[in-house]
Student: 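Structure incoming, see below.
Because only heavy atoms are used, hydrogens play no part in the values below, and waters and symmetry mates are left out as well, while side chains stay in.
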Amino acid sequence: MTKEKEEHREDPMQIDSNRVPTGSLLTDYLRIYYGKFFPYTDMFKWLAYGNDGKHPGCDSSYFGRREFSFTIKSDRDEVYLRFQSFFNASEMETSIKAKCPTKIDIGAVYTVDPAKRHAYAQSGFNPIERELVFDIDISDYDDVRYCCSGADTCLNCWPLMTIAIKVIDTALREDFGFSHILWVYSGRRGVHCWVCDSRARRLSKEQRSAIADYFHVYKGGENSLKKVTFSGPLHPFLARAYTDALKNEFEKWVSTQKLFEHEERFHKILQLIPDESVVSELAEKWQGNSVRWEHLKHMLQSGSKKTQGLRRCIEEIVFSYTYPRLDIQVTKGMNHLLKAPFCVHPGTGRICIPIDPKKCEEFDPTSVPTVAQLIEELNANASIGADNYVEKTSLAASVHLFRTCFLEPLIKTCKDELENAYNTMMQQTKDSLNW
Amino acid sequence: MEIVRSQRRNGSDGSGSAASLPLYKSAPSIEFRLEEFGQYAIDRLRVLQAISDGLSRGKKPEEMENLVSEQWRANMKHQDADKTLRKDIISHFVLRLVYCREEEMRRWFLSMETALFRYRFRLQNAEAQKSIMNELQLQYNVLGNAEYETIKDKLTEAARSVNFTSNPETVFYKVPFEDVPELVASRRVFILKGFAFVPRNQVVSLVCTIFRSNISKALALTNRKWRAMIQDQEKDRIAPMVEALGNVYLGPDYSKPKDCAEISLKDINQLASTSFPLCMRHLFGKLREDHHLKHQGRMQLGLFLKGVGLKLEDALAFWRAEFSQKVGAERFDKEYAYSIRHNYGKEGKRTDYTPYSCQKIIMSTPSTGDHHGCPYRHFSEENLRAALNKMGVGGRAMDDIMDKVRNRHYQLACTLTFEATHGTSCETGINHPNQYFVESRKFFESKNKQSQPTA
């Protein structure tokens, strides 16, 4: 092992940054990535939520009660280690560097150190805090995108993720009053959202379920044709999503996905219209016409047809295609393990970097740095004798975003909360001592 | 430990007085007589049973309000408000003891008590409701005018989306969204910066959630205490009463088949395939197949057949015909005939046993080799589907039934089966296997009458 390290210093590895590393090559890359790039201190500062031991009101056991899990792939098999925990940043760093996991997941904060759970009765080991999380996967939209399918994504269909971020981020801030929200690229085909306000971390399963259901608009399994049904005027949240994001995105989607140019594509839309006469009239007229979407809108909005269910048909169509499709189970559970930011996605080599929700339209998943690319940059820096290697690589921007947009405001709030809680407690003690 | 008696002196005597709706926070330290123990419990149980019926028939909230009001007046109300309150509290706590002992019972009791509370709450006046909310420590602030002005458009929008017309007089409460998960989940309220704006009529839902959660915890605690000490301590005094109360069924007991004609043996196969509920079909089928049934199975099927109109002589012939194929006629006469006569009240202390209600059948615990119990509860999904298929149930109806089963609404599942196999709706939910039979015969009789003139 040491010999390899020396070799790295003297003679940089030959990197092909276009190849997605697998097997032992991946392990080698990960070793370097975990050695030089993974932001341990930042991750610790985040997950400690101010409990870094510096304030008398800190709970120094807090970080140690958080569950992590590691997925460790070797040539032969894949091992999944749950209930990993670390007392501080340094222990976490040592463990990650030693084990070189292909994936790191973050779980809940428990009543006791997960590694010591067996020492307690089953009733004594429970999750008590956990961020509110969301997981959106573009493969859940396969039935409405025609440019890609499955694990692929391109700049034509990525806007679906952008819409999802906008709609959900706005609702989380405006409706629910949350402010410490971290959006992360999942490395291949989706995004994760971590809501870190203390109010969010303390939500019960029932409350998480309620929030998930609040966002649940696209419903129905394989067997139902119509997944979005609005029986009356829209709730303010849905109305806002429609006017601020979905309406215009759908117009763009119509053209990028050529929804009305291919019969099987517009046929799907026609299936959402609950009036046979409208459908047949349109189908007839569309034999040669191409201004179909305008035509359809006009027909449905004109109010000339009084069939029940037509009033909201346009919104239903727009929502069916563009409204965020969440994995509800991820949000509802309190101890669902979710991939940590700054992991390397083993399928693509890309780093799971944060996304700034205010600039989510600018995010380009095809230009996210890969681990190979980062190592190449590192070697280039080293060869010219530059200092502060990591800061001069493409990862620097992401770490900077993480710190300025998310971590710093969060820590400030946490410290304030700790301070207030501490002062209140001191005051109460003082009061109780005054007979 | 005191009864909730706080505002009694202040409240008027009408149904709106605050303390007339207790929260049952702690067991009363009232003294009462053992007779009151049973009687009060049964009266309250009548109310809960009526609610259960009403809900399974899908009555609307306004209808339920009326039902609760009537039932309460008929069974619980006393001229003296104090006495009503006393009975209210005692009966609730007695039933808590009775229904804490099994999970199915806890679920039923919790649901019915919450429903009872919900409709009684709705019937209270605004002042009474406010004081109950205070007692539950709900941090509600009435939305101030200034804030109202800034969001009134959104409030209207949200109200319209659930078909509710709000007007400037509608009182809104500003509540942390965490306190109203149901309303958030169904997007029934406008939320802003972490607060939900709940119109007064929806406050009911909040209050009920808290009530339900409190009673649920209390039931679990009571169960533990019961098992740990009380059951033993009270084994000669209260325990037998609690046991008996747990088996109380308040509908018609079908022990004397009046309305339906007596059935004869030759009809029995036909009747089994058209008019028996699944539980009895299954027992009947197994009896035909194995020529034997274990004790509980014999009781469940035997009493049902009695309720259906099978005379004693025919019953004896029927069981002998089956059992003698397995154990021989002699052994049958020696070992089994006695208990059949016993069921018909012809032996021993001559009690005329009543056929088992659904509640009792659902609560039973069949084990290996048993075929009694409620198939909707005790069968695996696979077996239940197969059994229903044989009855001719499929498609959408099957899905609906399985859905009810998954949600543990076994009687509703049986009702749906009735509807699917008869092609008609069953207004009264099924509470008793003999009721299923009676309704079924009614249906076929009227069908026959209709088809006769054209024959």
Student: Once rounded to the nearest 0.5 Å, what's the spacing between atom OG of B:Ser186 and atom NE2 of A:His216?
Tutor: 14.0 Å

Student: I'd like to verify something: which residue of A:Ser209, A:Ala212, A:Pro236 has the highest number of heavy-atom pairs under 4.5 Å with chain B?
Tutor: A:Pro236

Student: Counting only heavy atoms not in B:Arg160, do more than 12 fall under 6.0 Å of its CZ?
Tutor: no

Student: Which atoms of B:Val162 come close to chain A, meaning under 4.5 Å heavy atom to heavy atom: side chain ones, backbone ones, both, or neither?
Tutor: neither

Student: Look only at the side chain of A:Gln207 and the backbone of B:Glu178, and say whether a donor-acceptor pair between them is shorter than 3.5 Å.
Tutor: yes

Student: Counting C-beta onward and ignoring hydrogens, is there a side-chain heavy-atom pair between B:Val184 and A:Phe176 closer than 4.5 Å?
Tutor: yes

Student: A:Leu203 versus B:Phe177: any side-chain heavy-atom pair under 4.5 Å?
Tutor: yes

Student: Closest heavy-atom contact between B:Ser161 and A:Pro233?
Tutor: CB-O, 3.0 Å

Student: Count the heavy atoms of every other residue, nucleotide or ligand shown that sit under 6.0 Å from CD of A:Glu276, and state whether that count exceeds 12.
Tutor: no

Student: Could you tell me whether B:Asp399 atom CG has more than 12 heavy atoms of other residues or ligands within 6.0 Å of it?
Tutor: yes

Student: For B:Lys154, does the NZ atom sit with more than 12 other heavy atoms under 6.0 Å from it, leaving out its own atoms?
Tutor: no

Student: Any side-chain to backbone donor/acceptor pair from A:His235 onto B:Val189? Under 3.5 Å, distance only.
Tutor: yes

Student: Determine whether more than 12 heavy atoms belonging to other residues, nucleotides or ligands lie under 6.0 Å from atom NZ of A:Lys412.
Tutor: no

Student: What option among A:Arg208, A:Arg173, A:Arg199 has the most heavy-atom pairs under 4.5 Å with chain B?
Tutor: A:Arg199

Student: Near B:Glu149 CD, under 6.0 Å, is it more than 12 heavy atoms from other residues, nucleotides or ligands?
Tutor: yes

Student: With a 4.5 angstrom heavy-atom cut-off, could you sort out which part of A:Leu234 is near chain B: side chain, backbone, both or neither?
Tutor: backbone

Student: Which bit of A:Leu172 is near chain B, if near means a heavy-atom gap under 4.5 Å: side chain, backbone, both or neither?
Tutor: neither

Student: Under 4.5 Å from any heavy atom of chain B, what part of A:Phe178 do you find: side chain, backbone, both or neither?
Tutor: side chain

Student: Would the number of heavy atoms belonging to other residues, nucleotides or ligands and lying under 6.0 Å from CZ of B:Arg406 be above 12?
Tutor: yes

Student: Considering only heavy atoms and a distance below 4.5 Å, find which of B:Asn163, B:Ile191, B:Val180 pairs most often with chain A.
Tutor: B:Ile191

Student: May I ask you to decide if A:Tyr214's main-chain N or O and B:Arg187's side chain share a donor-acceptor pair within less than 3.5 Å?
Tutor: yes

